[in-house]
Each structure stands twice: as C-alpha cells, then as structure tokens.
Amino acid sequence: GLPGWVNHGYNFWFSSSATAQDANQANFPLGLWGPLNGSSNGLGESPQGGAFIALDGAFATGPIEQSVNGMVAGDSYTLSFYWAASQEYSFNGNTQQSLTASFGDQSHTTSTVNLGNHAFSGWTQETWNFTWDGNSSTLSFLAQGSPAVPPFTLVDGVSLVDNTTTPSAVPEPSTILSSLLGVAGLAVYGLRRRASSIARE
C-alpha cells in the first residue's frame, strides 16, 4: 500500500493519466468547472503533468496530513507545492479561497484568491521557508473557502527539503505525492457516500 497520509475532510483525488479530462466530468467522483463541461476557464493538468488532490474549503472541511520522518529540530526547511482554486461543477457563484500548510503550530497560508463564477485560477507554486521547532513533524494541508458554488482547492507537487543538513528531500517528493494520492483516494469514497444526504446551502 501507500502508507502515511490520512484524510480528515471532504477531499478527492484525481490520479489517472487523464486527470484533466476526469476533473471536467460531472461524476469522477467529483466534477469541477472546466472546458469540457461548459466553462472555458483553462482547467487542466497540474505543472507536474497529472494527479492532484481537490480539497473542499467550505463543506465538511478537514486536512490531509502525514507524519514526516527524518526532520531535525533547528534545521531550516523549504516546503514547496503547486496549488490552484477551482469550483464544483453544477453550482453557481463566486468564491474566495486559500490554502494553509502546517507543521504542528507552525503554518503558512497562501494569499486569498477571489474566483469568479465557473472560473479556475491557474496553477501557482508556493514556497514556505521555516525553521522546524521540533514540536510536530506532521505535515498537513487545509483548504479555506466560501460558497455559494462549493470551492475546491487543488494541490500537487509537494516537496520538502532540509537546507541545513546536506540538502536532501525529506522524504522524496515522489513518495509524498504518491502516498498522498493513495491514502486520500482510499479514505474519501466512504465519506462522500455518508455526506451525500447532507444538503448544501
């Protein structure tokens, strides 16, 4: 299996080689507004060329998280990732969205994106430099957003590098991404079924 990541919210993954097309469908398992379903907003694959996570920032919100091994208290680290703001297919309205990355009580929040009806922000690479305080080695991502159309924040290309000790990835970026996709995908389908009877406002 793909160990490490745990999903605590209404979060979905797109993992096939046809990721961009899948996201444009209404039920795979979640549709996002895009060129294939009526919005020429540019939604497509991430800069990594494939899989990404979609986190709901306004409904049953909760983070995806993983305990990272090998971190050293007092060392300087760089966390980088790609993110984008999108919207759920079949809903209408504007949204405001942001994403917070955290290690315990240390966190970094992206700028807030004001997204128009049926829009897509495009992908942005975010970089956070921090000195690890040793209190928690759990890396988490949490989306924040506002309806009316349910806001979904997309994440891909997670990389964590120790800049103090001989620079190296902790763990390797491919391990982070594959673990994130695998566990998020396994965990979310049951949540979606349980949540399907809850009406959105």
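Evaluation of the side chain to side chain contact (heavy atoms under 4.5 Å, CB included) rule for T61 yields no partner, not counting sequence neighbours. Remark: T131 pairs with no residue by the side chain to side chain donor-acceptor pair (under 3.5 Å) rule, at least two apart or across chains. Every residue two or more places apart in sequence or in another chain that forms a side chain to side chain donor-acceptor pair (under 3.5 Å) with T95 is listed here: Q87, Q97. Remark: N117 pairs with no residue by the side chain to side chain donor-acceptor pair (under 3.5 Å) rule, at least two apart or across chains. Residues satisfying the side chain to side chain contact (heavy atoms under 4.5 Å, CB included) criterion with T109, sequence neighbours excluded, are S98, T100, Q144. Residues passing the side chain to side chain contact (heavy atoms under 4.5 Å, CB included) test with T124, sequence neighbours excluded: W83. The side chain to side chain donor-acceptor pair (under 3.5 Å) check on S102 picks up nothing, with sequence neighbours excluded. Scored by the side chain to side chain contact (heavy atoms under 4.5 Å, CB included) test, Q96 finds T112, N114, S146 as partners (sequence neighbours excluded).
Nearest heavy atom pair, residue D75 against residue Y77, reads O-CD1, 3.4 Å. Heavy-atom minimum distance, A84 versus G122: CB-O, 3.3 Å. Taking all atoms of both residues into account, the shortest heavy-atom contact from N11 to G62 is ND2-O, 3.1 Å. Among all heavy-atom pairs drawn from V72 and W132, the shortest one is C-CE3, 3.3 Å. W123 approaches P47 most closely through the heavy-atom pair CG-CD, 3.4 Å. In this structure, S86 and L154 approach most closely via the heavy-atom pair OG-CD2, 3.5 Å.
A heavy-atom distance below 4.5 Å is not found between the side chains of N94 and V149. Side chains of L79 and N129 form no contact here, defined as non-hydrogen atoms less than 4.5 Å apart. By the 4.5 Å heavy-atom criterion applied to side chains, E65 and F103 are not counted as neighbours. Inter-residue side-chain proximity for T127 and T78 is flagged as met; some heavy-atom pair is nearer than 4.5 Å.
V68 and V155 fall within the same hydrophobic cluster, where Ile, Leu, Val, Met, Phe, Trp and Tyr residues are linked whenever their side-chain heavy atoms come under 4.5 Å apart, directly or through other members.
Put simply, OG on S137 and CG on N69 are 7.0 Å apart, with the number rounded to the nearest 0.5 Å. Atoms OG and CD, on S80 and Q125 in that order, are 5.0 Å from each other to the nearest 0.5 Å. Interatomic distance, OG of S107 versus CG of L142, reported as 10.0 Å (0.5 Å rounding).
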Should Q66 and V6 be marked as a side chain to side chain contact (heavy atoms under 4.5 Å, CB included) after you check the CA-CA gap, both sets of side-chain angles, and the distance that decides it?
-> CA-CA 6 Å; Q66 182 184 84; V6 178; over 6 Å; no
Dump the intermediate steps for ring-ring contact (aromatic ring centres under 6.0 Å, His included) on W33 and Y89, then the final yes or no.
-> CA-CA 5 Å; W33 280 108; Y89 176 72; 4.8 Å; yes
Decide side chain to side chain contact (heavy atoms under 4.5 Å, CB included) for I64 and L55; before the verdict, give the C-alpha distance in whole Å, the side-chain angles of both, and the deciding distance to 0.1 Å.
-> CA-CA 9 Å; I64 51 173; L55 301 96; 4.0 Å; yes
Mind running side chain to side chain contact (heavy atoms under 4.5 Å, CB included) on L32 and L43 for me, showing each step along the way?
-> CA-CA 8 Å; L32 304 174; L43 172 68; 3.9 Å; yes
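Side-chain polar atoms of H118 and N41 form no donor-acceptor pair below 3.5 angstrom.
Ring geometry, F81 versus F141: the interplanar angle exceeds 60°, so the pair is classed perpendicular (tilted spans 30 to 60°). Between F152 and Y10, the ring planes lie tilted relative to each other; the angle falls in the 30° to 60° range.
Judged purely by atom type and a 3.5 angstrom limit, S121 uses its side chain to pair as donor or acceptor with the backbone of A85. A distance-only check finds a donor-acceptor pair linking the side chain of T110 to the backbone of L99 [under 3.5 Å].
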